Student: 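The structure follows.
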Amino acid sequence: MSEGCVASSEGRLAEEFAVPAQVEEVKGRMAAFAARHAGEGRRVVLVTSGGTKVPLESRTVRFLDNFSSGRRGASSAEYFLGAGYAVIFLHRHRSLYPYTRRYAGVNLLDALTVSTEGETQGPAETQGGSSTRVLVDQRALPDIASVLQRYQAVKEGGLLLPVEFSTLSDYLHLLKAAAQALNAIGSKAMFYLAAAVSDFYIPASEMPEHKIQSSNGPLQISMKMVPKMLSPLVCEWSPLAFVISFKLETDGEILLARARKALDTYRHQAVVANVLDSRRGYVVIVTKTDTQELRVTDEEDRAGAEIEQRIVDALTSAHTHFITQQQA
Ligand code: PMT
């Protein structure tokens with residue numbers, strides 16, 4: 001265990017959270033991905049993204065969820081790819097995804113039209129044959145050609161490894177597997193923990209098996225604290241990596257104090273602090289020695305600027321500095 005580390009609650013992870021069936025296979029894929037890219041001189045970032053679902057019943061009808069759309073994780077993943085990183089994208093099932101996130105609200109069928117070559121000579125039934133073309137309305141899918149080209153280049157280069165989670169248990173075990181897999185590449189690994197992870201859960205042993213009956217009257221539930229993953233990640237699973245956590249508050253008054261407390265407690269490299277309502281336009285990157293405010297004004301926002309580009313630029317520079325220090 002690294003110097004300054006407190007004993008982690010890793011044991012609880014194994015005992016209290018169901019291990020997803022595919023975790024060893026996914027860990028193998030993440031390790032191979034990291035080894036290949038580090039071998040080719042690339043850095044690798046694990047981006048976590050989206051919220052977590054906490055079941056209230058074993059045969060789950062109801063669960064607790066949170067607001068996170070996954071936009072921050074998905075857009076940051078794109079900017080890391082643009083900066084030359086290989087990206088493991090650990091994301092909530094159906095949350096926003098790199099590249100397609102830009103068109104999340106679009107009804108695809110409204111953006112496409114069918115054009116049949118020689119349409120005037122042939123009956124409608126020829127549609128679906130080899131002469132059928134689907135045309136894209138680029139006003140409905142802005143920048144689609146360049147986004148598609150970037151997506152295809154990333155796919156052909158094998159630069160993006162998507163890994164999905166649904167429940168809190170999935171997330172916790174897959175994060176551990178990713179951290180252990182990335183340990184082999186030392187300081188070339190970055191963790192960018194943008195997912196909004198539940199702090200509370202009901203242990204399997206205390207959960208009702210069947211649907212909670214409303215005929216029993218108002219519901220009272222008692223939830224336990226989820227063990228903080230930052231502690232074993234930094235101390236045991238990937239102690240040489242460059243680790244960035246996020247801090248979300250609704251009260252801006254306490255934001256910086258909470259971010260500094262997290263840095264003191266977990267001894268990782270930086271916290272990206274944000275307030276729920278202003279998170280698209282303002283964040284503060286807090287390190288042991290510095291605080292850096294990043295902003296996107298409304299005008300910049302209208303022109304297409306995204307704060308994630310600024311966050312990723314700042315962190316990739318800090319990562320370079322970190323690697324140089326580790327090698328010195
Ligand atoms: O997805 P969007 O809608 O774009 O929103 C982006 C965001 C607001 C979700 C993102 O910017 C953000 O702030 N994510 C972190 C939210 C959060 O869970 O904050 P927290 O203060 O509760 O947790 C702090 C850190 O502890 C997080 O980095 C988390 O990964 C980590 N954590 C949390 C729980 C847990 N059991 N173990 C952990 O290590």
Side-chain angles (χ1 to χ4, degrees), residues 22 26 29 33 45-53 63 65-83 85-167 170-171 174 192 194-196 279-281 296 298 300-309 311-312:
Q22 79 291 13
V26 177
R29 278 199 283 133
F33 179 86
V45 60
L46 176 91
V47 174
T48 71
S49 187
T52 53
K53 209 159 81 169
F63 49 82
D65 206 337
N66 65 47
F67 69 94
S68 171
S69 64
R71 174 172 153 171
R72 171 139 296 150
S75 56
S76 302
E78 282 179 33
Y79 291 116
F80 278 118
L81 287 160
Y85 280 70
V87 176
I88 301 178
F89 186 58
L90 178 58
H91 64 289
R92 160 87 176 267
H93 179 61
R94 293 202 180 135
S95 61
L96 293 181
Y97 194 83
Y99 307 105
T100 60
R101 63 159 179 124
R102 293 164 191 269
Y103 311 112
V106 178
N107 179 345
L108 203 57
L109 299 184
D110 287 337
L112 304 175
T113 47
V114 174
S115 146
T116 307
E117 257 176 46
E119 210 169 32
T120 50
Q121 293 141 31
E125 299 88 79
T126 59
Q127 291 185 6
S130 58
S131 60
T132 302
R133 295 275 185 280
V134 175
L135 302 179
V136 175
D137 178 354
Q138 300 204 35
R139 284 163 308 178
L141 300 177
D143 301 325
I144 185 67
S146 68
V147 171
L148 183 58
Q149 278 167 342
R150 274 183 280 142
Y151 173 72
Q152 285 175 338
V154 161
K155 217 172 149 187
E156 276 160 27
L159 292 161
L160 176 63
L161 176 63
V163 177
E164 274 191 4
F165 63 85
S166 283
T167 63
D170 293 347
Y171 171 84
L174 288 167
Y192 183 88
R279 68 190 191 276
R280 307 267 177 252
V296 165
D298 290 346
E300 289 173 321
D301 180 61
R302 280 191 293 277
E306 292 186 302
I307 198 156
E308 287 78 13
Q309 169 131 48
I311 301 173
V312 168

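Index from 1, following the sequence. The structure presented is a predicted model; accordingly, all values stated were derived computationally and were not measured. Below, all heavy atoms of this structure are taken into account, side chains as well, without hydrogens, waters or symmetry copies.
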Student: Evaluate the side-chain contact (heavy atoms from CB on, under 4.5 Å) criterion for residues L46 and T48: first the C-alpha distance (whole Å), next the side-chain angles of each, then the deciding distance (0.1 Å), finally the verdict.
Tutor: CA-CA 6 Å; L46 176 91; T48 71; 3.8 Å; yes
Student: With side-chain contact (heavy atoms from CB on, under 4.5 Å) as the test, would you mind laying out the steps for V136 and L112 before giving the verdict?
Tutor: CA-CA 5 Å; V136 175; L112 304 175; 3.9 Å; yes
Student: Mind listing the closest non-hydrogen atom pair of S95 and S49 along with its distance?
Tutor: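 In this case the closest contact between S95 and S49 is OG-O, 4.2 Å.
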Student: Tell me, with the steps shown, if V147 and R102 meet side-chain contact (heavy atoms from CB on, under 4.5 Å).
Tutor: CA-CA 9 Å; V147 171; R102 293 164 191 269; 3.8 Å; yes
Student: Treating R72 as the side-chain partner and R279 as the backbone partner, does any N or O pair qualify as donor plus acceptor under 3.5 Å?
Tutor: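 Yes; judged by distance alone, with no hydrogens or angles, the pair exists.
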Student: Quick one: does any side-chain atom of S115 pair with a main-chain N or O of R133 as donor and acceptor, under 3.5 Å?
Tutor: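 Side chain of S115 to backbone of R133: no pair is present.
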Student: In Å, rounded to the nearest 0.5 Å, how long is the span from CG of D301 to CD1 of I307?
Tutor: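 Nearest 0.5 Å value for the CG-CD1 distance: 10.0 Å.
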Student: Could you tell me which non-hydrogen atom of Y99 sits nearest to which non-hydrogen atom of V154, and how far apart they are?
Tutor: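 Residues Y99 and V154, closest heavy atoms: OH-CG2, 3.4 Å.
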Student: Working to the nearest 0.5 Å, report the span between CD of E164 and CZ of F89.
Tutor: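 E164 atom CD to F89 atom CZ measures 10.0 Å (nearest 0.5 Å).
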Student: Which heavy atom of R29 sits nearest a heavy atom of L161, and at what distance?
Tutor: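 Of all heavy-atom pairs spanning R29 and L161, the closest is NH1-CD1, 3.7 Å.
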Student: Knowing that exactly one of R94, K53, R92 qualifies, which makes a salt bridge (Lys or Arg N to Asp or Glu O under 4.0 Å) with D65?
Tutor: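 The residue from R94, K53, R92 that satisfies salt bridge (Lys or Arg N to Asp or Glu O under 4.0 Å) with D65 turns out to be R92.
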Student: Walk me through whether I311 and Y79 qualify under side-chain contact (heavy atoms from CB on, under 4.5 Å).
Tutor: CA-CA 9 Å; I311 301 173; Y79 291 116; over 6 Å; no
Student: Quick one: closest heavy-atom pair of A104 and L96, and the distance?
Tutor: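 Of all heavy-atom pairs spanning A104 and L96, the closest is CB-CD2, 3.5 Å.
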Student: Looking at Y85 and A77, would you say the former's side chain and the latter's main chain have a donor-acceptor pair under 3.5 Å?
Tutor: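 Side chain of Y85 to backbone of A77: no pair is present.
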Student: Show the nearest heavy-atom pair for residues L160 and Y97, with the distance to one decimal.
Tutor: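 What the structure gives for the nearest pair is CD2-OH, 3.9 Å.
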Student: Ion pair present between R101 and E308, side-chain N to carboxylate O less than 4.0 angstrom?
Tutor: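 Result for this pair is no, no salt bridge flagged.
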Student: Could you tell me whether a side-chain N or O of H91 sits under 3.5 Å from a main-chain N or O of V163, the two making a donor and an acceptor?
Tutor: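 Here the side-chain-to-backbone pair exists.
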Student: Got a second to check how far D170's CG is from L90's CG, nearest 0.5 Å?
Tutor: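 Spacing of CG (D170) from CG (L90) equals 9.5 Å.
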Student: Calculate, to the nearest 0.5 Å, the distance between atoms CG and NZ belonging to L148 and K155 respectively.
Tutor: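 L148 atom CG to K155 atom NZ measures 10.0 Å (nearest 0.5 Å).
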Student: Provide the closest heavy-atom pair for A111 versus V106 in the form atom of the first, atom of the second, distance.
Tutor: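 Closest pair (atom of A111, atom of V106, distance): CB-CG1, 4.4 Å.
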